[in-house]
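Take a look at the structure set out below.
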Amino acid sequence: FEAIANGKPILGGLSGEAQKIVNEFEIGETFRPEDGEAFLNSLTIMVDQLRENPDFYLSAIKRAAKIFSRDFQAQKILDGLGKYSEGSTD
């Protein structure tokens, strides 16, 4: 989340939820943890993308930053609590 907040693409040896977020939001490149060949492949993809277009990941990072902001997440919780207190559990 620090990289997103700083507007930087992520290059990480990730698995699980973190990998899903990076791939789903297209905010960087992931590789199998501790796999040097996979790391070099992901690094090459990222460098090629950024050489072609320095802002390649930027719009996706901005979108993810908004979605994962504390304000946005807090509002989702408040909205959910409001629906619950009104008797709706949708």
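Annotation: salt bridge (charged side-chain N to carboxylate O under 4.0 Å, His left out) contacts involving residues 12-29, sequence neighbours excluded, are absent. The salt bridge (charged side-chain N to carboxylate O under 4.0 Å, His left out) analysis of residues 36-55, with sequence neighbours excluded, yields no pairs.
Taking hydrophobic clusters as Ile, Leu, Val, Met, Phe, Trp and Tyr residues chained together by side-chain heavy-atom distances below 4.5 Å, Leu40 shares a cluster with Leu14.
Of the options Ile27, Ile61, Ile21, a side-chain contact (heavy atoms from CB on, under 4.5 Å) to Ile10 is made by Ile27 and by none of the others.
Remark: side-chain polar atoms of Ser42 are paired, donor with acceptor, to backbone N or O of Thr30 under 3.5 angstrom.
In terms of heavy atoms, Pro9 sits closest to Gly28 at CB-CA, 4.5 Å. Nearest heavy atom pair, residue Ala38 against residue Arg32, reads CB-NH2, 3.8 Å.
Asn23 CG to Gln19 CD: the interatomic distance, rounded to the nearest 0.5 Å, is 5.0 Å. Put simply, CD1 on Ile4 and CD1 on Ile67 are 9.5 Å apart, with the number rounded to the nearest 0.5 Å.
Side-chain contact between Lys8 and Tyr57: absent, with no pair of heavy atoms (C-beta onward) separated by less than 4.5 Å.
Partners of Leu43 by side-chain contact (heavy atoms from CB on, under 4.5 Å), not counting sequence neighbours, listed by chain and number: Leu11, Phe39, Val47.
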